[in-house]
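Heads up, the thing below is written out as structure tokens.
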Amino acid sequence: MPRPRQKSKIQSPPRAKAFMPVGYYKQQSDAIQLKIEEFEVFRLLDYEGLTQVEAAKIMQISRSGVARIYEKARFKLAKALTEAKKINIEGGENMFDNNWFECERCDSKFNSTDESKIGACPLCSSQNIHQINE
Ligand SMILES: [Zn+2]
């Protein structure tokens with residue numbers, strides 16, 4: 001029986017949902033799918049400079065889980081940069097630190113500590129939003 005996947009705790013969603021190469025290769029249709037937990041591990045280790053043990057505590061997964069996700073993230077990013085591929089950041093098994101919402105119209109993700117302010121997308125003002133975590 002396959003081991004149930006660990007849910008990674010994410011401090012905040014990525015600021016962008018995708019990155020596009022500029023130039024000839026942007027015509028390529030296939031994109032790299034970077035999972036949100038892969039982005040988070042990469043961010044914690046290489047941007048924040050944390051150790052794998054520290055990242056594991058924050059994400060509430062095992063150290064070996066962090067190492068496994070990190071390896072995947074680095075390979076995907078190296079492949080995207082080398083082959084000039086678009087990077088989509090989406091999906092995975094995650095939970096967020098706060099209540100996060102996603103706009104149905106522009107796909108932006110946002111949260112607020114003030115519940116009364118969550119009625120519309122801060123970017124496009126659409127009221128067509130839904131909660132992406134509990
Ligand atoms: Zn919006």
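In listed order, ligands and their atoms are each counted from 1. Residue numbers run from 1 in the order of the sequence given.
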Between NZ of K86 and CE of M20, what distance do you get to the nearest 0.5 Å? 6.0 Å
Is the shortest heavy-atom distance from the side chain of E104 to the side chain of I129 under 4.5 Å? no
Does some side-chain heavy atom of R74 sit less than 4.5 Å from a side-chain heavy atom of D46? yes
I'd like to know if K17 pairs up with E90 as an ion pair, taking the criterion as any Lys NZ or Arg NE/NH1/NH2 lying under 4.0 Å from an Asp or Glu carboxylate oxygen. no
Donor-acceptor contact below 3.5 Å, side chain E40 vs main chain E37: no
Looking only at atom types and distance, does a side-chain atom of K76 sit under 3.5 Å from a main-chain N or O of Q33, one as donor and one as acceptor? yes
In the protein, how many N/O/S atoms are under 2.8 Å from the Zn ion (ligand 1)? 4
